[in-house]
A.B. asks: 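Got a structure for you, questions after.
Only a predicted model underlies this, so the values are computations on that prediction, with no experimental measurement involved.
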Amino acid sequence: QVQLVESGGGLVQAGGSLRLSCAASGNIFTINAMGWYRQAPGKQRELVATITSGGRTNYADSVKGRFTISRDNAKNTVYLQMTSLKPEDTAVYYCNCNLATYLLGGPKDYWGQGTQVTVSS
């Protein structure tokens with residue numbers, strides 16, 4: 001069984017920084033893309049950033065230059081460093097991993113439980 005455990009959310013003032021982490025565990029064979037998505041109240045879930053197994057990154061226009069995604073393949077962990085945070089960044093942030101397991105095969109998408117990020121003005 002695969003688990004994605006997120007950490008690092010919280011309350012921060014505008015202009016501040018936070019670092020999110022997401023660790024994948026279970027009988028994982030390989031992890032392809034990893035990413036972060038967010039969902040604000042009353043809005044649809046949207047892509048924030050993704051990173052391929054080779055390190056290629058992709059960002060939403062709204063976070064380019066402020067957020068940095070990275071991964072540690074040895075730890076099956078993806079990070080999101082968020083700087084210059086704005087109130088409009090307030091949302092629940094979800095980790096996503098496209099991975100294959102020894103038992104269930106794949107690859108398929110797995111999601112974390114979400115972590116709240118609140119930016120006060």
A.B. asks: Mind checking the OG1-CE spacing from T52 to M34? Nearest 0.5 Å is all I need.
C.D. replies: 11.5 Å
A.B. asks: Same cluster or not: V92 versus Y110, using hydrophobic residues (I, L, V, M, F, W, Y) connected whenever any side-chain heavy atoms lie under 4.5 Å apart?
C.D. replies: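 Cluster IDs for V92 and Y110 differ.
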A.B. asks: What's the shortest heavy-atom distance between M82 and V117, and which atoms?
C.D. replies: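 In this case the closest contact between M82 and V117 is CE-CG2, 3.9 Å.
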A.B. asks: Can you tell if the side chain of L20 reaches within under 4.5 Å of the side chain of W36, non-hydrogen atoms only?
C.D. replies: yes
A.B. asks: Between N73 and R71, do the side chains contain an N or O donor and an N or O acceptor separated by less than 3.5 Å?
C.D. replies: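 Per modelled atom types, N73 and R71 side chains form a pair under 3.5 Å.
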A.B. asks: Work out which heavy atom in I28 is nearest to a heavy atom in Y102; give both atom names and the distance.
C.D. replies: O-CE1, 3.2 Å
A.B. asks: How far apart are the C-alpha atoms of S21 and K75, what are their side-chain angles, what is the distance that settles it, and do they pass the side-chain contact (heavy atoms from CB on, under 4.5 Å) test?
C.D. replies: CA-CA 11 Å; S21 300; K75 296 181 179 180; over 6 Å; no
A.B. asks: Taking all atoms of both residues into account, what is the closest heavy-atom pair of R66 and D89, and its distance?
C.D. replies: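 Closest pair (atom of R66, atom of D89, distance): NH1-OD2, 2.7 Å.
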A.B. asks: Could you go through residues 3-13 and list every donor-acceptor pair under 3.5 Å that involves a side-chain atom there, pairing it with any protein atom two or more places apart or in another chain?
C.D. replies:
residue: E6; atom: OE1; partner: G114; partner atom: N; Å: 2.5
residue: E6; atom: OE1; partner: T115; partner atom: N; Å: 3.4
residue: E6; atom: OE2; partner: C95; partner atom: N; Å: 2.5

A.B. asks: Determine whether L80 and Y93 make a side-chain contact, defined as any pair of heavy atoms from C-beta on separated by less than 4.5 Å.
C.D. replies: yes
A.B. asks: How long is the straight-line distance from OG of S17 back to CG of L85, given to the nearest 0.5 Å?
C.D. replies: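 The CG atom of L85 sits 6.0 Å away from the OG atom of S17.
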A.B. asks: Return the CD to SG distance between Q113 and C22, rounded to the nearest 0.5 Å.
C.D. replies: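 Between atom CD of Q113 and atom SG of C22 there are 8.0 Å.
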A.B. asks: Please round to the nearest 0.5 Å and tell me the distance separating atom CD1 of I31 and atom CG of L99.
C.D. replies: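 One finds 5.5 Å between CD1 of I31 and CG of L99.
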A.B. asks: Should F67 and S84 count as side-chain neighbours, where that means a heavy-atom distance under 4.5 Å?
C.D. replies: no
A.B. asks: Would you give the length of the straight line joining atom OG1 of T118 to atom CG of L18, rounded to the nearest 0.5 angstrom?
C.D. replies: 9.5 Å
A.B. asks: Does the T90 side chain pair with the main chain of E88, one donor and one acceptor, at a distance under 3.5 Å?
C.D. replies: no
A.B. asks: State, with a plain yes or no, whether a side-chain heavy atom of L47 is found less than 4.5 Å away from one of N58.
C.D. replies: yes
A.B. asks: Can you name the closest pair of heavy atoms from A14 and S121 and give their distance?
C.D. replies: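 Looking at all heavy atoms of both residues, the closest pair is CB-CA, 4.4 Å.
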A.B. asks: Relative to the ring of Y94, is the ring of W111 parallel (under 30°), tilted (30 to 60°) or perpendicular (over 60°)?
C.D. replies: perpendicular
A.B. asks: Mind listing the closest non-hydrogen atom pair of N98 and P107 along with its distance?
C.D. replies: OD1-CB, 3.4 Å
A.B. asks: Would you mind checking if K64 and D61 are paired as a salt bridge, meaning a charged N to carboxylate O distance below 4.0 Å?
C.D. replies: yes
A.B. asks: Could you check whether Q81 and T83, counting side-chain N and O atoms only, form a donor-acceptor pair closer than 3.5 Å?
C.D. replies: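 Checked: T83/Q81 side chains show no N/O donor-acceptor pair below 3.5 Å.
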A.B. asks: Looking only at heavy atoms, which two atoms of N27 and Q1 are closest? And how far apart?
C.D. replies: OD1-N, 3.8 Å
A.B. asks: On the six-membered ring of Y79, is R19 placed so that its NZ or CZ lies under 6.0 angstrom from the centre and within 45° of the ring axis?
C.D. replies: yes
A.B. asks: Would you kindly say whether Y37 and R45 are connected by a side-chain donor-acceptor distance under 3.5 Å?
C.D. replies: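 There is no such pair (donor and acceptor under 3.5 Å, judged by atom type) between the side chains of Y37 and R45.
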A.B. asks: Does one hydrophobic cluster hold both L103 and F29, with members joined at side-chain heavy-atom distances below 4.5 Å?
C.D. replies: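 No, separate clusters.
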